[in-house]
2 protein chains.
Amino acid sequence: MSQPKKRRPLTLRDVSEASGVSEMTVSRVLRNRGDVSAATREKVLTAAKTLGYVPNKIAGGLASQQVNLVAVVIPSLANLVFPDVLSGISAELDDTPLQPVIGVTNYSPAREETVLYDMLSWRPSGVILAGLEHSRGARAMLEAVAVPVVEIMDVDGDVIDCAVGISHLQAGRQMAAEILAAGYRRIGFIGTHMPEDHRAKKRLAGFEAALAEAGVALAAREFYQGGSSLAKGRELTERILARERDLEFLYYSNDMIGAGGLLWAREQGYDIPGKLGLAGFNGVDLLDGLPIRLATTDARRQDIGRRAARIVAGKEPRPEGGKLILAPHFLPGETIRAPGSGIGVRQE
Amino acid sequence: MSQPKKRRPLTLRDVSEASGVSEMTVSRVLRNRGDVSAATREKVLTAAKTLGYVPNKIAGGLASQQVNLVAVVIPSLANLVFPDVLSGISAELDDTPLQPVIGVTNYSPAREETVLYDMLSWRPSGVILAGLEHSRGARAMLEAVAVPVVEIMDVDGDVIDCAVGISHLQAGRQMAAEILAAGYRRIGFIGTHMPEDHRAKKRLAGFEAALAEAGVALAAREFYQGGSSLAKGRELTERILARERDLEFLYYSNDMIGAGGLLWAREQGYDIPGKLGLAGFNGVDLLDGLPIRLATTDARRQDIGRRAARIVAGKEPRPEGGKLILAPHFLPGETIRAPGSGIGVRQE
DNA sequence: ATGAAAGCGCTAACAG
DNA sequence: CTGTTAGCGCTTTCAT
């Protein structure tokens with residue numbers, strides 16, 4: 001074979017020589033900038049394609065002091081929720097020159113800081129990152145940066161530049177209201193133990209606050225470490241019900257463990273939603289195929305991604321007061337009774 | 001507030017002036033290169049931290065002609081399988097200076113080409129991309145590139161530089177052998193219709209070939225468009241069994257639709273695995289929490305990611321002949337009878 | 001152990 | 001419409 005292989009990368013100069021046009025004009029053609037005659041344009045394009053020239057964005061970025069990257073920093077990819085956020089982001093960035101670059105922190109603040117440092121060293125045109133809680137170092141970097149910074153998912157707390165998300169406090173309160181309205185009173189909560197799962201913590205806080213206002217205390221809670229899975233949901237559900245046999249409702253911190261609990265409880269013959277109600281959180285589409293639909297809250301993941309991307313792309317102004325608050329949507333499913341259908345009003 | 005906010009990004013020069021040391025020495029300290037006295041080292045580090053200096057990798061990359069990025073091009077993030085591959089890649093890259101950058105093609109060859117073009121314009125130190133089938137343009141770019149290119153997931157076909165994966169032909173054959181050994185004969189297949197799902201296609205080819213060698217023909221097949229979900233699995237299973245009531249086994253092209261089929265068939269009261277056997281593909285951990293474990297093939301996703309990353313990082317030599325072939329692992333689960341326990345040997 | 005000079009490949013800003 | 005001149009912020013190379 002005599003194809004050109006593994007050579008020195010081509011430069012603008014190569015295209016310039018091949019087409020007999022100045023580097024500057026070649027550059028203009030390749031970026032569709034300024035007026036270039038159709039003739040030279042053609043020559044350049046042909047030469048570039050023939051040679052297989054790929055522009056060097058490193059050099060371009062340095063020269064133009066502009067890098068069309070958006071740093072996106074999220075806790076995990078194994079989570080089912082972040083791919084949705086990402087798809088919202090890329091959908092909205094697709095018709096702009098901006099490109100998302102993903103960094104994963106594994107829920108570690110220290111790792112978040114290093115990931116952020118690495119990403120900022122590429123001088124991106126914007127930053128989107130999950131959550132409102134960051135290390136001092138991370139905050140300092142984000143405050144010093146000269147580009148839009150959008151914190152996503154959560155709006156309960158202090159914002160660096162601006163935030164797009166739902167109020168998890170409100171989501172918790174909302175679910176509590178629905179559960180109470182359906183007449184359930186002996187309620188348990190199952191969630192992660194992760195110290196860094198601030199959003200789950202806020203949901204629980206809102207949930208308990210709303211229960212308390214109705215004179216109801218959480219009857220049991222069960223925490224776990226590590227990732228969420230159907231298996232974990234089964235195990236935890238069995239455990240909490242073994243401890244507190246008379247629970248009437250279980251509120252899970254995410255749909256995956258909720259789905260596991262649902263499968264388990266059905267196998268055990270629990271009357272759902274009659275004697276035992278269940279609810280998760282997120283609104284993942286995995287729920288579509290379960291034997292019955294788990295009640296949940298749509299966390300507006302895709303919308304959050306879209307709106308955040310729109311702000312970074314300048315399609316939408318930075319929200320007033322820095323917070324763009326989306327409403328969590330309650331999805332009743334089939335694991336919670338209809339409102340007012342409860343056994344007793346208030347306890348006994 | 002008088003904190004420094006939204007200013008011009010700091011440069012090496014700023015650190016140089018703040019510490020009274022030449023830019024060159026500052027650069028050495030920040031990269032731990034060459035000998036620098038402990039004293040100046042200290043001065044520089046302090047100055048850099050105080051100022052909040054973040055190095056500019058754009059400039060660094062241009063000067064050093066070396067960019068420590070690895071382009072990773074995959075079809076989708078919503079797929080459950082790619083996060084595993086990615087986690088293998090980042091685990092193996094974590095102790096190197098290399099950083100993965102993810103590009104998503106949505107199973108479109110055209111999009112793959114543009115994503116690749118965009119990524120190559122950053123002059124990465126390596127490329128990892130899914131599959132062996134690429135557009136002419138994409139192949140040309142990859143052949144011209146001067147860095148390692150690792151095609152992953154599949155090894156059945158022509159390799160550009162090298163490949164790490166399983167043989168899907170073999171995976172299909174293996175599953176056919178297991179199903180036949182268990183005595184099932186009336187077998188159906190359910191898979192995506194996507195023209196670009198080459199790996200599923202190869203599995204089916206291997207599957208049918210092995211069946212044919214045993215004198216068995218596929219009794220039915222059902223294809224679908226779009227993404228995989230539990231709901232889709234239910235629907236397709238219902239449809240194929242409505243058409244061919246006497247099917248004894250269903251081979252799904254992935255675990256997600258297999259799991260949906262499993263849930264549906266159990267609800268319908270099918271005797272599994274006695275009268276109806278089921279198998280999926282991938283070995284996702286979602287399967288852990290189902291009522292019974294779906295038989296499947298572990299596609300070695302994380303291993304594939306790790307080995308590919310090792311090759312790109314130079315921890316491992318490029319494989320002989322360009323192909324690093326991993327063995328798919330059959331996982332029997334509980335939805336296939338034990339070998340030899342079949343109803344009849346051969347067809348009556 | 002430290003510094004000075006040159007230049008990576010491209011584009012902004014000006015000519016013409 | 002096209003070309004020339006600088007220089008982006010860093011690192012390589014060579015001195016000292």
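A, B, ... follow the sequence lines: proteins, then strands. Residue 1 opens every chain.
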With DNA chain C as reference, determine whether A:M24 or B:M24 sits nearer its 5' end, using the nearest nucleotide of each.
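With A:M24 and B:M24 compared, the 5'-side residue is B:M24.
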Report the nucleotide, chosen from C:dC14, D:dT11, C:dA12, that has the shortest atom-to-atom distance to any side-chain atom of A:R28.
C:dC14
B:A59 has a side chain; which of D:dC10, C:dC10, D:dG3 sits nearest to it?
D:dC10
Counting only heavy atoms from other residues, nucleotides and ligands, does the tally under 6.0 Å from CZ of B:R31 exceed 12?
yes
What is the separation between atom [atom1] on [X] and atom [atom2] on [N], rounded to the nearest whole Å?
{"X": "B:R13", "N": "D:dC10", "atom1": "CZ", "atom2": "P", "value": "11 Å"}
{"X": "A:L62", "N": "D:dC10", "atom1": "CG", "atom2": "C1'", "value": "8 Å"}
{"X": "B:N68", "N": "D:dC10", "atom1": "CG", "atom2": "P", "value": "16 Å"}
{"X": "A:L30", "N": "C:dC10", "atom1": "CG", "atom2": "P", "value": "9 Å"}
{"X": "B:E23", "N": "C:dG3", "atom1": "CD", "atom2": "C1'", "value": "11 Å"}

At less than 4.0 Å, is any side-chain N or O atom of [X] found next to OP1 or OP2 of [N]? Yes or no.
{"X": "A:R31", "N": "C:dT11", "result": "yes"}
{"X": "A:Y53", "N": "C:dG9", "result": "no"}
{"X": "B:R33", "N": "D:dT13", "result": "no"}
{"X": "B:T25", "N": "C:dG3", "result": "yes"}
{"X": "B:S22", "N": "C:dG3", "result": "yes"}
{"X": "B:Q65", "N": "C:dG9", "result": "yes"}
{"X": "B:S27", "N": "D:dT11", "result": "yes"}

Neighbours of DNA chain C within residues 34-51 of chain A, by heavy-atom distance under 4.0 Å:
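Here the set is empty: none.
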